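One structure is given here, and the rest of the page talks about it.
Only a predicted model underlies this, so the values are computations on that prediction, with no experimental measurement involved. Heavy atoms only: backbone and side chains are in, while hydrogens, waters and symmetry mates are out. Sequence positions, counted from 1, serve as the residue numbers for this chain.
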Amino acid sequence: MTSRIRTHHRGFTLVELLVVITIIGILASLALVGINIARIRVLNTAMKVEIDQIAQALEIYKDNHGAYPPDGNTTVASSVIASTATTRVTNFNRHMNKMFPQRNASADTPNAAAMANLGAQTNIVNPSPTSGTPYMIEDIDPSEMFVICLMGFSPNVEQPLTGTGERTPLFNFDQTRLVDPDGDGWWSYKAKYAEAEIVYFNAKTYELTGSTPTVASFTSSLASGVARPYGSATSAGAFQWAKPKGFQLITAGLDDSFGTYGAVGEVKIYSSGLGGSVSSGTTLTPINYGVDDFDNIVSFGQSSTLDADTDL
């Protein structure tokens, strides 16, 4: 009689199954964290690339016209012009008249009906503003000035702003991200993958010196916090502006917060993020980055965000 050896296969116990499930859950969560980190890097890089493209367009603008656009900020004025909305009109007209010597400033002053029609035809301005007094030059702010300038100008040399005719844009704005949160008829431009607008500061008006040193500021309508140009420190600890000649483009990043400031003379320091890295050279008040600053994206940054450029 042949005997058979019967083998017995023991199944997993409940405890073993629970351990396996727990391990799988941990591995899955780690994978999700890694995927999310990679996704954030991709989005930040895409926003930085676009900021750099706009910066390149502004360089072409300067090559074509001899100067960068004014920034439209009224927080800081030159030593000659009072810090009021009149600053915008004076600086804008001065800039336009220099570029277009044949310009007729009176004829080139925006008319609401004509500008709405121009916006409907070309979308260089919002054709349906909500303000009762739209298209006022005095309302063009640091989130709008670079947009209207890079949209291109009319071939009508007497009316380059308001005239008709085909314009040659220096940057192709994504039409779906042109927004007018203040309803004044002038477009702002939202960053990719974020709600915050892109803000432009011209180096000529980063700072107002005097008895009350003041830094140019822009309070966003779409994001929280305040945008200001960034300072930096030399190797010897002396203050200088980040991009002291030219301009700064800034957007709030994925958290849609530019960061906060207290006094009008406070300035944050790129790339250290530490106010204490400045020991001389300014009457402004250098301060540290706040938590909302780290994912801000700037045109002068080496990496995609301020966080990636600092050791903090």
- Short question: side chain of Q53, backbone of F171 - any donor-acceptor pair under 3.5 Å? no
- Query: With side chains defined as the heavy atoms from C-beta onward, is the minimum distance between E138 and T86 less than 4.5 Å?
  - Reply: no
- Assert yes or no for the condition that the ring centre distance of Y206 to F201 is strictly below 6.0 Å. no
- Item | Steps toward side-chain contact (heavy atoms from CB on, under 4.5 Å) verdict (D295, L306) | CA-CA 6 Å; D295 77 337; L306 294 184; over 6 Å; no
- Taking it one step at a time, do N202 and D71 satisfy side-chain hydrogen bond (donor to acceptor under 3.5 Å, both in side chains)? CA-CA 5 Å; N202 186 304; D71 58 19; over 6 Å; no
- Between M136 and P110, is any pair of side-chain heavy atoms under 4.5 Å apart? no
- Message: I'd like to know if the side chain of S304 and the backbone of K48 have a donor-acceptor N/O pair within less than 3.5 Å.
- Response: no
- Please determine, by modelled atom types, if D309 and S303 share a side-chain donor-acceptor pair under 3.5 angstrom. yes
- Note on the structure: Scanning both residues in full, the closest heavy-atom pair of N123 with M151 reads O-CE, 3.9 Å
- For F258 and V226, which heavy atoms make the closest approach, and how far apart are they? CB-O, 3.4 Å
- Applying side-chain contact (heavy atoms from CB on, under 4.5 Å), run through W241 and E207 and close with a yes or a no. CA-CA 10 Å; W241 287 103; E207 175 187 5; 3.4 Å; yes
- Any donor-acceptor N/O pair, S221 side chain to P181 backbone, under 3.5 Å: no
- Note on the structure: Distance col, row I137:CD1 vs N91:CG, nearest 0.5 angstrom, shows 11.5 Å
- Task: Check A227 against V199 and note the closest heavy-atom contact, atom names and distance.
- Result: CB-CG2, 4.2 Å
- Message: Restricting to non-hydrogen atoms, name the atom on G152 and the atom on R167 that form the minimum distance, rounded to 0.1 Å.
- Response: O-NH1, 3.2 Å
- Would you say S277's side chain and G273's backbone share a donor-acceptor pair under 3.5 angstrom? no
- Out of curiosity, E158 CD to Q102 CD, how far, rounded to the nearest 0.5 Å? 7.0 Å
- Task: For the residue pair E144 and D184, establish whether any side-chain heavy-atom pair is separated by less than 4.5 Å.
- Result: yes
- Query: Going by atom types only, do T205 and N73 share a side-chain donor-acceptor pair under 3.5 Å?
  - Reply: yes
- Task: If the plane angle is over 60° it's perpendicular, under 30° parallel, otherwise tilted; pick one for F247 and Y200.
- Result: tilted
- Query: With a 4.5 Å heavy-atom cut-off, do W186 and V147 have their side chains touching?
  - Reply: no
- Message: Classify the ring geometry of F100 against H65: parallel below 30°, tilted from 30° to 60°, perpendicular beyond 60°.
- Response: tilted
- Message: Test of understanding: with side-chain contact (heavy atoms from CB on, under 4.5 Å), list the residues that count as partners of L18, not counting sequence neighbours.
- Response: L14
- Message: Quick check for you: to the nearest 0.5 Å, what is the distance between N44 atom CG and R39 atom CZ?
- Response: 10.0 Å
- Message: Parallel, tilted or perpendicular, judged at 30° and 60°: which one describes the rings of H95 and Y61?
- Response: parallel
- In chain order, what residues pass the salt bridge (charged side-chain N to carboxylate O under 4.0 Å, His left out) check against K192, with sequence neighbours excluded? none
- Donor on one side chain, acceptor on other, Q159 and N104, under 3.5 Å: no
- Task: Drop me the distance from I250's CD1 to S299's OG, to the nearest 0.5 angstrom.
- Result: 7.5 Å
- What do the steps show when you test S257 against D292 for side-chain hydrogen bond (donor to acceptor under 3.5 Å, both in side chains), and what is the final call? CA-CA 6 Å; S257 178; D292 293 335; 3.0 Å; yes
- Pairwise salt bridge (charged side-chain N to carboxylate O under 4.0 Å, His left out) hits with a residue in residues 266-290, at least two apart: K268-D293
- Can you find a pair of side-chain heavy atoms, one from D180 and one from S188, that are under 4.5 Å apart? no
- Message: If the threshold is 4.0 Å, N to carboxylate O, is there a salt bridge linking E195 and K190?
- Response: yes
- Can you find a heavy atom in the side chain of L43 that is under 4.5 Å from one in the side chain of L254? yes
- N296 and Y230: side chain donor to acceptor below 3.5 Å: yes
- Message: Assess whether a salt bridge exists between R177 and E197, defined as any Lys/Arg side-chain N lying under 4.0 Å from an Asp/Glu carboxylate O.
- Response: no
- Note on the structure: M47 and A191 have their tightest heavy-atom pair at SD-CB, 4.1 Å
- Given the rule that I, L, V, M, F, W and Y join up when any side-chain heavy atoms are under 4.5 Å apart, are I287 and L284 in one cluster? no
- Item | Minimum heavy-atom distance I148-I124, with the two atoms named | CD1-O, 3.8 Å
- Please work out whether the ring planes of F173 and F146 are parallel, tilted or perpendicular, with thresholds of 30° and 60°. tilted
- Query: How far apart are the C-alpha atoms of V264 and T75, what are their side-chain angles, what is the distance that settles it, and do they pass the side-chain contact (heavy atoms from CB on, under 4.5 Å) test?
  - Reply: CA-CA 9 Å; V264 295; T75 307; over 6 Å; no
- Taking the side chain from T90 and the backbone from R88, do they hold a donor-acceptor pair closer than 3.5 Å? no
- Message: Checking D307 against T305 for the side-chain hydrogen bond (donor to acceptor under 3.5 Å, both in side chains) test, could you report, in this order, the C-alpha distance in whole Å, the side-chain angles of both residues, the deciding distance, and whether it holds?
- Response: CA-CA 5 Å; D307 185 27; T305 62; 5.1 Å; no
- Query: Should V298 and L249 be marked as a side-chain contact (heavy atoms from CB on, under 4.5 Å) after you check the CA-CA gap, both sets of side-chain angles, and the distance that decides it?
  - Reply: CA-CA 6 Å; V298 296; L249 291 167; over 6 Å; no
- Message: Within this structure, what is the CD1-OH distance for the pair I40 and Y193, rounded to the nearest 0.5 Å?
- Response: 14.0 Å
- Message: Please tell me whether L208 and Y261 are part of a single hydrophobic cluster in this structure, the criterion being side-chain heavy atoms less than 4.5 Å apart.
- Response: no
- Message: If I take atom CD1 from residue I140 and atom CE from residue M145, how far apart are they, to the nearest 0.5 angstrom?
- Response: 4.5 Å
- Under 3.5 Å: donor-acceptor pair, side chain of T234, backbone of A238: yes
- E50 versus Y189, side-chain donor and acceptor atoms under 3.5 Å: yes
- Message: Contact between W187 and N126 at the side-chain level, heavy atoms closer than 4.5 Å - yes or no?
- Response: yes
- Check: Y135 and P129 side chains under 4.5 Å, non-hydrogen atoms: yes
